[in-house]
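Report on one structure; see the data block that follows.
Each chain gets a letter, A, B and so on, in the order the sequences are listed, and its residues count up from 1. Everything numeric in this text was worked out from a predicted model, so none of it was measured.
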There are 2 protein chains.
Amino acid sequence: MNEKLYSITELAEEFDITPRAIRFYETKGLLSPQRAGATRVYNYRDRARLVLVLRGKRLGFSLEDIKEYIDLYDADRTRSEQLAHLMLVGRKRITELEQQLDDVQTTLAELRVIEAEAADALRARGLDPERALAEIAQKLLVEAI
Amino acid sequence: MNEKLYSITELAEEFDITPRAIRFYETKGLLSPQRAGATRVYNYRDRARLVLVLRGKRLGFSLEDIKEYIDLYDADRTRSEQLAHLMLVGRKRITELEQQLDDVQTTLAELRVIEAEAADALRARGLDPERALAEIAQKLLVEAI
DNA sequence: CAATAAATTTACGCTTACGTCATCACCGGA
DNA sequence: TCCGGTGATGACGTAAGCGTAAATTTATTG
C-alpha cells in the first residue's frame, strides 16, 4: 500500500490552521513537501514536522528557534564532531526547558490563586462563579457578533 | 509627611524597563499619573498599577487583558462582571499553561533521548562523550574569538 | 546665567506571523 | 466546452509592544 498523502487544506483543517500558515512555514524552511507539478503534497514525515512546529509554537518559541530544534532531529550523525555538537546543543536546550518548566509551574500557581480569589469574591456577592463565568462568556460571544 | 513621588526614569530604572514603555502603557490607559506642568509625576498608587501591569506581562497577558483587570477597581461594567471576566481570562491562560507544561515535558523527554543516543554513538566510536563535549565546546569558544 | 541633563510630543520604524486580496493555472465534471 | 473548486504566487496589510530619532521645552547645576 502506498503511504498516505495529504493536500495542504487537509492538513490545515486537521490542525485548525490556514493553508497560508503552512505555506509560510515552508518559506521559513520548516517544511519541504514534494510537489506534483506545482501542487504541494505532504507525506507522514511532513505531517510529523508540522506537529513539531505547532508544539514549538505552543511553547512560545519563534519559528526560527523551532527550525533549530527540528534540525536537531535531522542532524548529521556521521561525524564524531557533529555528534558532540548535537549533545552540546541538546544539553543547552534541556537546561533552558527545565527553566521554562519551573517558570510555567510558578506562573500556574499564581494564576490559580488569582482564579480562586475571583471565585471567592463572586461567592461573597452571592453569585455562583461557574454561572457568572458562563454568562460573561456568552455575553462576550454575543458582543463579538 | 508628603507621599513619595517618582519621576518616570526613577520608575523605569526600578523596574528595569524604559520610560518609553511607561509612556506607552499610559497611551493604552493603564496608567494616568498627575502632571506638574507637562512632566509626569507618579505616586504610590501609580506605582502599584505599574506593578500590576508588569505582573500581568509576566503571566503572559496582553496589555488589553491587563487593562480589564486593572479596571476592576474602576468599574464601568459591574464589579461582578469584571470578576467573572477575570476568571474567564485566567482560566484560559491556565489551560494554555497546562498544555505548555505537557509540551515541555514531552520535548524534554525527546531531547534527552537525542542526547543519550549521541552519547552512545560516541562511545561506540571509542570516545568519551564528556571529553568530546568539552572539546567541541572549547573549540566553539575559540572560534568565537 | 550658561551649559547640561532630563522630559515631552510627534511620528516613523521594526519584528514576527501570518491575513487578505488579486491574478493565474489547472483539473475534473455536467 | 464552460464552470466550480483547489492550488500557486506575489504583494501589500495588520497587530503588539515598544525602539528610535527629531525637535522642543523644562530642570538642574556649577
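- In this model, the phosphate group of dA6(C) is not approached by any side-chain N or O of Thr39(B) to a distance below 4.0 Å at OP1 or OP2.
- Note: CG (Leu50(A)) to C1' (dA17(C)) measures 15 Å, nearest angstrom.
- Separating the CD atom of Glu26(B) from the P atom of dA7(C) is a distance of 14 Å, rounded to the nearest angstrom.
- Within the helix from dC1(C)-dG30(D) to dA30(C)-dT1(D), the inter-axis angle between the opening and closing five-pair segments is 10°, rounded to 10°.
- Taking 4.0 angstrom as the limit, Tyr25(B) places none of its side-chain polar atoms (N or O) nearer than this to OP1 or OP2 of dG17(D).
- Within the nucleic acid shown, Arg40(A) comes within 4.0 Å of sugar-phosphate atoms alone, with no base atom in reach, counting heavy atoms only.
- Hydrophobic cluster membership is shared by Tyr6(B) and Val51(B), with clusters built from Ile, Leu, Val, Met, Phe, Trp and Tyr side chains linked at under 4.5 angstrom.
- Look at Ser7(A) and you'll find a side-chain N or O under 4.0 angstrom from OP1 or OP2 of dG7(D).
- For Thr9(A), a side-chain nitrogen or oxygen approaches OP1 or OP2 of dG7(D) to under 4.0 Å.
- In this structure, a donor-acceptor pair under 3.5 Å is absent between the side chains of Glu64(B) and Tyr69(B).
- Of the listed nucleotides (dG19(D), dG7(D), dT9(C)), dT9(C) has the atom at the smallest distance from the side chain of Arg23(B).
- Nearer to the 5' terminus of DNA chain D, by closest-nucleotide assignment, is the contact made by Phe61(B) (compared with the other of Phe61(B) and Ala36(B)).
- The nearest pair of heavy atoms linking Leu133(A) to Leu88(B) is CD1-N, 3.3 Å.
- At whole-Å resolution of the value, NZ in Lys67(B) and C1' in dA16(D) are 16 Å apart.
- Across all strands, Leu63(B) comes closer than 4.0 Å only to sugar-phosphate atoms, never to a base (heavy-atom distances).
- At the phosphate of dG19(D), OP1 or OP2 sits under 4.0 Å from a side-chain N or O atom of Thr18(B).
- Cluster annotation: Phe15(A) and Ile66(A) are assigned to the same hydrophobic cluster (Ile/Leu/Val/Met/Phe/Trp/Tyr, side-chain heavy-atom contacts under 4.5 Å, transitive).
- For dT9(C), the OP1/OP2 oxygens have a side-chain nitrogen or oxygen of Arg35(B) closer than 4.0 Å.
- Here dT16(C) presents its P atom at 20 Å from CD1 of Ile17(A), a figure rounded to the nearest Å.
- Defined by atom type and a distance below 3.5 Å, a donor-acceptor pair is present between the side-chain atoms of Arg55(A) and Thr107(B).
- If you find the closest nucleotide of DNA chain C to Ile8(B) and to Arg20(B), the one lying nearer the 5' end belongs to Ile8(B).
- The two residues Ala36(A) and Val41(A) have their closest heavy-atom pair at CB-CG2, 3.9 Å.
- Side-chain atoms of Arg35(B) come within 3.5 Å of backbone atoms of Ala38(B) as a donor-acceptor pair (strictly under, hydrogens ignored).
- In this structure, Leu54(A) places its CG atom 13 Å from C1' of dA17(C), rounding to the nearest Å.
- Atoms NZ (Lys28(B)) and C1' (dG17(D)) sit 8 Å apart, rounded to a whole Å.
- Rounded to an integer number of Å, the gap from CD1 of Ile22(B) to P of dA7(C) is 10 Å.
- Put simply, CD on Glu10(B) is 14 Å from C1' on dA27(D), counting in whole angstrom units.
- An OP1 or OP2 oxygen of dC18(D) is reached within less than 4.0 angstrom by a side-chain nitrogen or oxygen of Lys57(B).
- Here the closest heavy-atom approach between residue Ile22(A) and residue Ala12(A) is recorded as CD1-N, 3.7 Å.
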